[in-house]
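Shown next, in structure tokens, is the structure this report addresses.
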There are 4 protein chains.
Amino acid sequence: MNFDIAPNAPTPIYRQIVEQVRRLVASGQLRPGDDLPSVRVVALHHAINPMTVSKAYSLLETEGLLERRRGLGMVIAQTRARSTQQDKLALLRPALSTASQIAKQLGLDDKQALAAFQTCLNEWSKKEAP
Amino acid sequence: MNFDIAPNAPTPIYRQIVEQVRRLVASGQLRPGDDLPSVRVVALHHAINPMTVSKAYSLLETEGLLERRRGLGMVIAQTRARSTQQDKLALLRPALSTASQIAKQLGLDDKQALAAFQTCLNEWSKKEAP
Amino acid sequence: MNFDIAPNAPTPIYRQIVEQVRRLVASGQLRPGDDLPSVRVVALHHAINPMTVSKAYSLLETEGLLERRRGLGMVIAQTRARSTQQDKLALLRPALSTASQIAKQLGLDDKQALAAFQTCLNEWSKKEAP
Amino acid sequence: MNFDIAPNAPTPIYRQIVEQVRRLVASGQLRPGDDLPSVRVVALHHAINPMTVSKAYSLLETEGLLERRRGLGMVIAQTRARSTQQDKLALLRPALSTASQIAKQLGLDDKQALAAFQTCLNEWSKKEAP
DNA sequence: GTGGTCTAGACCACT
DNA sequence: GTGGTCTAGACCACG
């Protein structure tokens, strides 16, 4: 389990964590009962403030996605139904919509935009696969 | 010349303006010497504070993309070479990269992601065309 | 760390701050990693608006001279090489050039101008030394 | 008679003109009865707005330094006593004071600062002499 | 505690 | 008419 943190990105760190956990759960890569890396481990690994990680986990707990197991850390909650394809696409849509707007304003045609997207997808595949 | 402002978006208004001007220049829809709508006009049209617009224009001036004509307004700087396809794709890449990361974390395959992107592109085409 | 603010000078306050930070960094009095006084502290100390200070800091961040440590404040960026004598003289040159033009237009000879400059330098030495 | 105009300088154009006339009169390079170049000529020569030149001349007229000769243009007023050395140095002092402050903040010693000033003076001599 | 954003309104300077 | 600067005060986000 590794989070992908960009400390200088415009979106705050705690939100990056929250969204990644949501997606990993939606995709089934994290399943009910799986445990998350401890606040301390994540904080050390990414050189960020433990309180930032804690805030993310707390939000996810409030949301019902995580459960706190005393003395053990956080685990994925049991109560979540597996997400449908529809749910996943709904999580992806905002990012695609932003990209579409930009492509249109740049005057790029769909073919170019789709090709560029394919390239990016390939790069991320490499990052995760090996 | 119309800006596309989403007052409730997470990205601040002044930054939305900055980015749109960058793209409109990159795409050639704004050319060197063209003048921008005045701070007050933009502010009134979108019901936002003139200072917010002014901040955006100032940043673009610092960046060298705009020039101030004292007492007259802002114009696109003369010193910019026409953008290449490379430049345009560079402006699009960050958004595509974000979307790719999300798609991978959701466990969607490329075919699904590309189809969803095509759908979004079509929607934005409709928004602009008619 | 004290800024020298002249509220009634023709050059705007935020610019006075920007230029002083540039010089303090160039002279090595501020080094990479040093943190700056917080926006609120500077604002209170000089009885100016926090936004004025914030504007200065933001510009310096854009310039790459400062880095934002989220939730902690601003620090001098790590990426700056120590300035050479050349750099320092480059920051001084515009002011000397202005003074030279004025001296020439007044018909003063170099000896008089240099003597007057020496006098001014002495006065500033007194201001800082004791 | 040539004005030295820097359109992108921070000090407004009209003020650049005003100050230069003041200095040229103080130095005796412009004497009572001498006529100034017409608004139209100055405006064309420097590609600036005639109203800007006019504003400068009007200010100088209000100040009593210029007189309007109908149909002939502006001439240096008769009523001015020749400036003393003291007066001239007083006009130079602000610029020297600014330069001194900068030099001190940069940590330059007086010798270096004076040498740099001498260099600048030489450059301006070349600009005017030949 | 830190800085960021936005508003409302004032005043100034330039053309 | 144009943009620039500053203020006062509010609210948010981050650590």
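This is a predicted model, so every value here is computed, not measured. Chain identifiers are assigned alphabetically (A, B, ...) following the order of the sequence lines, protein sequences preceding nucleic acid strands; residue numbering begins at 1 within each chain.
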Quick one: does [X]'s side chain have a donor or acceptor within less than 3.5 Å of a partner on [Y]'s backbone?
| X | Y | result |
| --- | --- | --- |
| D:S58 | D:S54 | yes |
| B:T11 | B:Q16 | no |
| A:H45 | A:V41 | no |

Requested in this report: Tell me yes or no: between the side chains of C:Q105 and D:Q20, is some donor less than 3.5 Å from an acceptor?
Outcome: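 Judged by distance alone, the side chains do pair up.
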
Query raised in the report: Starting at the 5' end of DNA chain E, which residue's closest nucleotide do you reach first, C:Y57 or B:L72?
Result: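 It is C:Y57 whose nearest nucleotide is closer to the 5' end.
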
Would you mind reading off the distance between [X] atom [atom1] and [N] atom [atom2], rounded to a whole angstrom?
| X | N | atom1 | atom2 | value |
| --- | --- | --- | --- | --- |
| B:E61 | F:dT2 | CD | P | 17 Å |
| C:L66 | E:dT2 | CG | C1' | 14 Å |
| B:M74 | F:dG1 | CE | P | 19 Å |
| C:R68 | F:dA13 | CZ | C1' | 10 Å |
| B:L59 | F:dG3 | CG | P | 15 Å |

Report summary line: Scoring nucleotides 5-11 of chain E by protein non-hydrogen atoms under 4.0 Å (B base, S sugar-phosphate only, - none) yields SBBBB--

Requested in this report: Look at atom CZ of C:R70 and say whether more than 12 heavy atoms of other residues, nucleotides or ligands are closer to it than 6.0 Å.
Outcome: yes

Query - Watson-Crick or G-U pairs under 3.5 Å in DNA chain F, rendered as dot-bracket with [ ] for crossing pairs and | for another strand - result: ||||||||||||||.

Query raised in the report: How long is the gap from CG on C:L106 to CG on D:D87, to the nearest 0.5 Å?
Result: 10.0 Å

Requested in this report: Report yes if the side chains of D:V53 and D:F3 come closer than 4.5 Å at any heavy-atom pair, otherwise no.
Outcome: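 Counting from C-beta outward, D:V53 and D:F3 never come under 4.5 Å.
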
Query - Non-hydrogen side-chain atoms of A:L36 and A:I76 separated by less than 4.5 Å - result: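 Side chain of A:L36 against side chain of A:I76, heavy atoms only: contact under 4.5 Å found.
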
Report summary line: Comparing nearest nucleotides in DNA chain F, the 5'-proximal residue of the pair B:V41, C:R70 is B:V41

